[in-house]
Chemist: 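Structure below; questions to follow.
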Amino acid sequence: GAGVSQSPSNKVTEKGKDVELRCDPISGHTALYWYRQRLGQGLEFLIYFQGNSAPDKSGLPSDRFSAERTGESVSTLTIQRTQQEDSAVYLCASSLSSGTGYLFFGEGSRLTVL
Amino acid sequence: GESVGLHLPTLSVQEGDNSIINCAYSNSASDYFIWYKQESGKGPQFIIDIRSNMDKRQGQRVTVLLNKTVKHLSLQIAATQPGDSAVYFCAETPNQAGTALIFGKGTTLSVSS
């Protein structure tokens, strides 16, 4: 597609349930990022994939959070046993390579945990 | 710890004025800085970047200034327009290839006609 695509755009779930958020990066982009943005806040780094290198998971807030990426395409962010504090917009971005700050962001998946 | 932050959470200007948005960073090893604009309900968009071997870089109506001595970054927007209303974030990368961008908290720019 023309841009980074994220789904679902909105997700409402109950506390304790698992959720999966999907990101389709721009074709040919080797780097993929996940960020979390709480209401009125900045972007909190979660995880970063670059090609076949081991992902940088240093931003994942707990072991309830995990992410996978299939080759240089789709990525899935999974949150297990969701908590109310997980409510946020989860933003995915891709870039042609590492070492560039020119990230292309999707419009995010808004997660609400009741 | 390492952080990227902004001096002011909000900035209100009149259409046609010049806007200056500031950012302070604490990691002296950072060598690459970027400004992003985020409109309501959308993902951030790249505006302009600057590397640490430069003090100033200009784009279309925007200028980024970097003062490494005091670890300060600013974004200047000339002839601000209502369409410039958004949240502006500065971001940095530490001096390592393949490291993710770290974003500051953001400044909300409001432009009135």
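Note: hydrogens, waters and symmetry copies are ignored here, and every other heavy atom, side chains too, is used. We name chains A, B, ... by the order of the sequence lines, and we start the count at 1 in each one.
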Chemist: Would you mind telling me which of A:E44, A:R110, A:Q41, A:Q37 has the largest number of heavy-atom pairs within less than 4.5 Å of chain B?
Modeler: A:Q37
Chemist: Roughly how far apart are A:F45 CZ and B:L101 CG, rounded to 0.5 Å?
Modeler: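 Rounded to the nearest 0.5 Å, the CZ-CG separation comes to 9.5 Å.
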Chemist: Under 4.5 Å between side-chain heavy atoms, counting indirect links through other Ile/Leu/Val/Met/Phe/Trp/Tyr residues: same cluster for A:Y35 and A:V113 or not?
Modeler: no
Chemist: Compare every heavy atom of B:P44 with every heavy atom of A:L43, then report the nearest pair and how far apart it is.
Modeler: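 Shortest heavy-atom contact: CD2-CG, 3.8 Å.
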Chemist: Which bit of B:F33 comes within less than 4.5 Å of chain A, counting heavy atoms only: side chain, backbone, both or neither?
Modeler: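 Contact with chain A: none, neither part.
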Chemist: Group every Ile, Leu, Val, Met, Phe, Trp and Tyr by side-chain heavy-atom contacts under 4.5 Å, then state whether A:V89 and A:W34 land in the same group.
Modeler: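 Result: no, two separate clusters.
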Chemist: What about B:Y25 and B:L65, same hydrophobic cluster or not, with Ile/Leu/Val/Met/Phe/Trp/Tyr joined at side-chain heavy-atom distances under 4.5 Å?
Modeler: no
Chemist: For A:F65, give me all partners under ring-ring contact (aromatic ring centres under 6.0 Å, His included), at least two apart in sequence or on another chain.
Modeler: none
Chemist: With rounding to the nearest 0.5 angstrom, report the CD to CG distance, B:Q38 to A:L91.
Modeler: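 Reported to 0.5 Å precision, the distance equals 6.5 Å.
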Chemist: Do the ring planes of B:F46 and A:Y102 sit parallel (below 30°), tilted (30 to 60°) or perpendicular (above 60°)?
Modeler: parallel
Chemist: According to a 4.5 Å side-chain heavy-atom criterion applied to Ile, Leu, Val, Met, Phe, Trp and Tyr, with indirect links allowed, do B:I47 and B:V111 form part of one hydrophobic cluster?
Modeler: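 Yes, it is one cluster - the side chains of B:I47 and B:V111 are joined through contacts under 4.5 Å.
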